[in-house]
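Lettering of chains follows the sequences in order, A, B, ..., and the numbering in each one begins at 1.
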Amino acid sequence: MKIKMKDGSIREAGFDEELGRNAFRHTTAHILAQAVKRLYPTVKCAIGPSVADGFYYDFDFDFRFSEENFAEVEAEMKKIVKENFQLRHYTQDRGRAIQDMEEREEPYKIELLNELPEDEEISFYRQGEYLEMCAGPHVAYTSAVRAFKLLSVAGAYWRGDEKNKMLTRIYGTSFPNEELLEEYLNRLEEAKKRDHRKLGKELGLFALLEEGPGFPFFLPKGLILKNLLIDYWRKIHAREGYMEISTPVMLNRQLWETSGHWEHYMDKMYTTLIDGEDFAIKPMSCPGGMLVYKTEPRSYREFPMRISELGLIHRNEKSGTLHGLMRVRCCTQDDAHIFMRTEQIQDEIKGIVRLIDEVYSTFGFKYHVELSTRPENSIGSDEDWKMATDSLTNALEDLKLQYIINEGDGAFYGPKIDFHLEDSIGRTWQCGTIQLDFQLPQRFEAEYIGEDGNKHRPIMIHRVVFGSIERFMGILIEHFAGKFPLWLSPVQVKILPISDKFIGYAKEIQSHLQKEGLRCEIDGRSEKIGFKIRTAQLEKVPYMLIAGEKEVKAGSVSVRRRDGGDLGSMTIDSLLEALHKEGIRKQ
RNA sequence: GCUGGAAUAGCGCAGUCGGUAGCGCAACUGAUUCGUAAUCAGUAGGUCGAGGGUUCAAGUCCCUUUUCCAGCUCCA
């Protein structure tokens, strides 16, 4: 495809290249805007870029635009593609550009223009009667866009600010041909089947009930999974020299005033009264950890002192943001607070990054890293923030880790390194985070005795690996599509007797396997073997053992794998050997 | 919180113009005792998310509200 760049030059790029694909989708967004303008001339256009899997365009409609309008808009878009307009690029000075936009009554474009420097040459693309102030690039002709589809309509604040007017955003996608579009839509359908909310219900892992919005119920099988993650977590943290504590869920107002949460986090805290005194349910575990640190005088010899806590936290998240296990109002954070001297910061951060990488690799997760800097609503001095931010940056540079900077997204007490994981449809969720905190030790007047015999202030790191166990489980469920590896499966083996006559034999096998520590169920219904297999497959149990007359005589079982089918018959001992080899628990 | 959509049996869904709430699966009972993804028959299951209104009559129309879904904003 020929791509028309902002400087007027022309480059060649395929749809498989980012440049080509983005230009292609961006041009589709313009075609959408042109169609919308033709059908509803009073509409105001805001902006319309390409995004990861398609494009969107934000409009200000003076009526209620809904998905019912898609058909007529798509029909008009088809016409525009067929009319095969050339996309013509040109520039003009800002005054002239504003004049043009005033003529076309486009207030959003004028607002954007007014913020550009007065002498700026403004880039425009024109296709037929439609012109758009735009930095491009675009494909050369509208006829290139052979396959497209409008997908959804949603509200979006003008310029992403909730104080501004909410516009109507139309999402869509486009491809060079119908086959690729079909393929994409099928992939979306497939991804929806992995949705952890759907699988959580189907597999009996957890429940979200109206009685507790954002407060998940863990069902027996989901709790097995959660506890297995916790067991694994305890094991690796013991290895890394962490000491686990547990602090109260509720603490008094004075503590939260000291920590700064009462002032900076109030809108998310649940509070109550005890004997007339304000208490808050913890939205974070750090103040509790701080109090534990202060229960004894500390020495530099104990540093770095790693104190971990599986903290049950509650936050009043806005109703519209709740999302299955990914975004809840109550979750368990695998928190840890590490106290150290300044010169220990780099090594400590590197150690945590390695630990997080180890854990994510264990599950086969891909992740990306972000460095979040000082937000508006922050506490602490400029020097402290600079030192904290530099420490994180240096550690990342040292590790040669790729990261993007997320300006102003830090915690109110310090900057952070965030680890983001992807869900089944490509949305990313922050899980691990490492936060450097100079503020809390000051506010709590934490101290240690140094080599020189004097009192000093420790540096504190907050860090989580899973993030919250709930969110991590959500990612985990979608990543494996419910087909967990053997060691994580709530039911590892299901024994399927051919008929009622063999239930006794099935029970013998079950108790044998249970002694080996396997989680094992029997399907004792009076059903045919095919139906029992079907049920076990739908439950995504990794191993099915078929027990009938043949097996009783030979003292064996017939083994069937979730993904591999019939493996033939074998003795219990050789089965156990194979299962141990695969790993029935995380060692 | 905001914009738009949705809510009917445990789950997945149908329900036309406002006129006696239905299907499939699951559950339960009985029969069947079977060899690698669905055996047959029967039974039971509902304040149609909640509250109010219009109407002779509301699952259906109107208002309020709760929860969920998509996105925005926010965030582990």
Side-chain angles (χ1 to χ4, degrees), chain A residues 56 58 61 64-68 151-171 192 195 197-198 201-202 204 207-214 267-268 283-284 311 313 315-329 331-335 372 375 409 411 416 418-421 425 427 429-433 435 462-472 474-475 496-503 525-538 544-551 558-562 565-569:
Chain A
Y56 67 79
D58 287 347
F61 286 95
R64 179 170 297 176
F65 184 90
S66 74
E67 293 187 17
E68 281 157 34
L151 297 172
S152 63
V153 45
Y157 299 108
W158 166 235
R159 313 192 80 171
D161 188 333
E162 66 181 325
K163 290 183 204 83
N164 288 340
K165 183 168 183 182
M166 183 158 265
L167 307 175
T168 304
R169 175 169 298 180
I170 302 176
Y171 282 92
K192 278 188 197 149
D195 191 312
R197 293 166 298 187
K198 184 173 155 65
K201 191 180 272 185
E202 286 172 2
L208 291 158
L209 306 178
E210 200 167 324
E211 290 81 352
D267 55 326
K268 287 203 173 174
M284 297 180 190
I313 61 160
R315 296 178 182 177
N316 187 10
E317 301 292 350
K318 289 179 189 168
S319 58
T321 64
L322 302 177
H323 186 100
L325 291 183
M326 303 293 200
R327 185 66 173 277
V328 292
R329 286 187 171 138
C331 65
T332 307
Q333 270 189 335
D334 63 319
D335 221 332
S372 296
D409 206 37
K416 50 183 191 162
D418 296 328
F419 294 76
H420 293 250
L421 295 172
I425 61 167
R427 288 177 292 216
W429 299 88
Q430 186 191 314
C431 289
T433 170
Q435 310 180 352
H462 311 247
R463 48 108 281 183
V464 292
V465 178
F466 289 149
S468 81
I469 297 176
E470 286 72 9
R471 179 176 286 184
F472 199 80
I475 302 275
L496 316 177
I498 294 283
S499 77
D500 297 357
K501 284 185 275 185
F502 308 105
I503 288 182
R525 299 175 299 170
S526 316
E527 294 287 351
K528 289 187 181 176
I529 195 65
F531 188 67
K532 292 185 184 183
I533 287 173
R534 178 181 154 78
T535 306
Q537 286 286 156
L538 292 174
M544 286 152 261
L545 306 184
I546 287 119
E549 185 155 10
K550 224 168 57 187
E551 288 75 17
S558 288
V559 182
R560 186 188 157 97
R561 251 200 79 87
R562 180 177 57 195
D566 194 352
L567 300 183
S569 70

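- Contacts of Lys416(A) with the nucleic acid, taken as non-hydrogen atoms under 4.0 Å apart, involve only primed sugar atoms and P, OP1 or OP2.
- Set against rA76(B), rC68(B), rU33(B), the side chain of Ser499(A) has rU33(B) as its closest nucleotide.
- Residue Glu317(A) is in base contact, counting any heavy-atom pair closer than 4.0 Å across all strands shown.
- The closest donor-acceptor contact from the side chain of Gln435(A) to the backbone of Arg463(A) lies at 3.5 Å or more, if one exists at all.
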> Step by step, would you call Arg560(A) with Ile546(A) a side chain to side chain contact (heavy atoms under 4.5 Å, CB included)?
Replying inline: CA-CA 8 Å; Arg560(A) 186 188 157 97; Ile546(A) 287 119; 4.3 Å; yes

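- Put simply, the side chain of Arg315(A) never gets that close to the backbone of Lys268(A): no donor and acceptor are under 3.5 Å apart.
- Under a 4.0 Å N-O distance rule, the pair Lys318(A)/Glu162(A) qualifies as a salt bridge.
- Taking side-chain N and O atoms only, His420(A) has no distance below 4.0 Å to OP1 or OP2 of rA76(B).
- The phosphate of rA76(B) has neither OP1 nor OP2 within less than 4.0 Å of any side-chain N or O from Arg329(A).
- Comparing the P positions of rU43(B) and rC68(B) gives a spacing of 38 Å, expressed to the nearest Å.
- Enclosure of atom CD in Glu202(A) by more than 12 non-hydrogen atoms of other residues, nucleotides or ligands within 6.0 angstrom is indicated.
- The residue Arg169(A) sits close only to the backbone: its heavy atoms come under 4.0 Å of sugar-phosphate atoms, none of a base.
- A donor-acceptor contact shorter than 3.5 Å is absent between the side chain of Lys192(A) and the backbone of Ile425(A).
- A donor-acceptor pair under 3.5 Å links the side-chain atoms of Arg329(A) to the main chain of Glu317(A), judged by distance alone.
- Within the 4.0 Å cut-off from OP1 or OP2 of rG4(B), at least one side-chain nitrogen or oxygen of Arg64(A) is found.
- Nucleotide rA70(B): paired with rU3(B) (Watson-Crick or G-U wobble, both distances less than 3.5 Å).
- A donor-acceptor pair under 3.5 Å is formed between the side chain of Arg471(A) and the backbone N or O of Met326(A).
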Output a table of nitrogen or oxygen pairs between the protein and nucleotides 27-29 of chain B separated by less than 3.5 Å.
none

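- For rC28(B), the base adopts the anti conformation, since its glycosidic angle falls more than 90 degrees from zero.
- When Watson-Crick and G-U wobble pairs are counted only if both distances are under 3.5 Å, rU39(B) pairs with rA31(B).
- Distances shown here put a side-chain N or O of Arg427(A) below 4.0 Å from the OP1 or OP2 atom of rG71(B).
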> How does each nucleotide of nucleotides 35-40 of chain B score, in 5' to 3' order, for protein heavy atoms under 4.0 Å: base (B), sugar-phosphate only (S), or none (-)?
Replying inline: BBBBB-

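- Remark: rU65(B) base-pairs with rG49(B). Criterion, Watson-Crick or G-U wobble with two distances under 3.5 Å.
- Contact annotation for Gly432(A): no contact, since no heavy-atom pair falls under 4.0 Å across all strands.
- Among the atoms of the strands shown, only primed sugar atoms or phosphate atoms (P, OP1, OP2) are found under 4.0 Å from some heavy atom of Asp409(A).
- Spacing of P atoms, rU73(B) relative to rG49(B), comes out at 33 Å, to the nearest Å.
- Comparing rU29(B) with rU47(B), their C1' atoms sit 28 Å apart, to the nearest whole Å.
- Taking for each of Lys268(A) and Glu210(A) the nucleotide of RNA chain B with the nearest heavy atom, the 5'-most of the two is the partner of Glu210(A).
- Between Arg197(A) and rC69(B) there is a side-chain polar atom (N or O) within less than 4.0 angstrom of OP1 or OP2.
- For rC69(B) and rG51(B), the P atoms lie 24 Å apart once the distance is rounded to whole Å.
- Using a 4.0 Å cut-off between charged nitrogen and carboxylate oxygen, Asp161(A) and Arg159(A) do not count as a salt-bridge pair.
- Cys431(A) comes within 4.0 angstrom of the backbone, heavy atoms only, and of no base.
- Formation of a donor-acceptor pair under 3.5 Å by the Glu67(A) side chain with backbone atoms of Ser152(A) is not found in this model.
- Rounded to whole Å, the C1' atom of rA6(B) lies 23 Å from the corresponding atom of rC25(B).
- Of the nucleotides present, rG12(B) is the one that pairs with rC23(B) by Watson-Crick or G-U wobble criteria, both distances under 3.5 Å.
- Rounded to whole Å, the P atom of rC28(B) lies 38 Å from the corresponding atom of rG71(B).
- Here Gln430(A) reaches the OP1 or OP2 of rA76(B): one of its side-chain N or O atoms lies under 4.0 Å away.
- Spacing of P atoms, rG15(B) relative to rC23(B), comes out at 15 Å, to the nearest Å.
- When both pairing distances are held under 3.5 Å, rA58(B) makes no Watson-Crick or G-U pair with any nucleotide shown.
- The backbone N or O of Gly467(A) sits less than 3.5 Å from a side-chain atom of Asp334(A), completing a donor-acceptor pair.
- Of the two residues near RNA chain B, Met166(A) and Ile425(A), the one whose nearest nucleotide lies more 5' is Met166(A).
- Rounded to whole Å, the separation between the P atoms of rC72(B) and rU16(B) comes to 35 Å.
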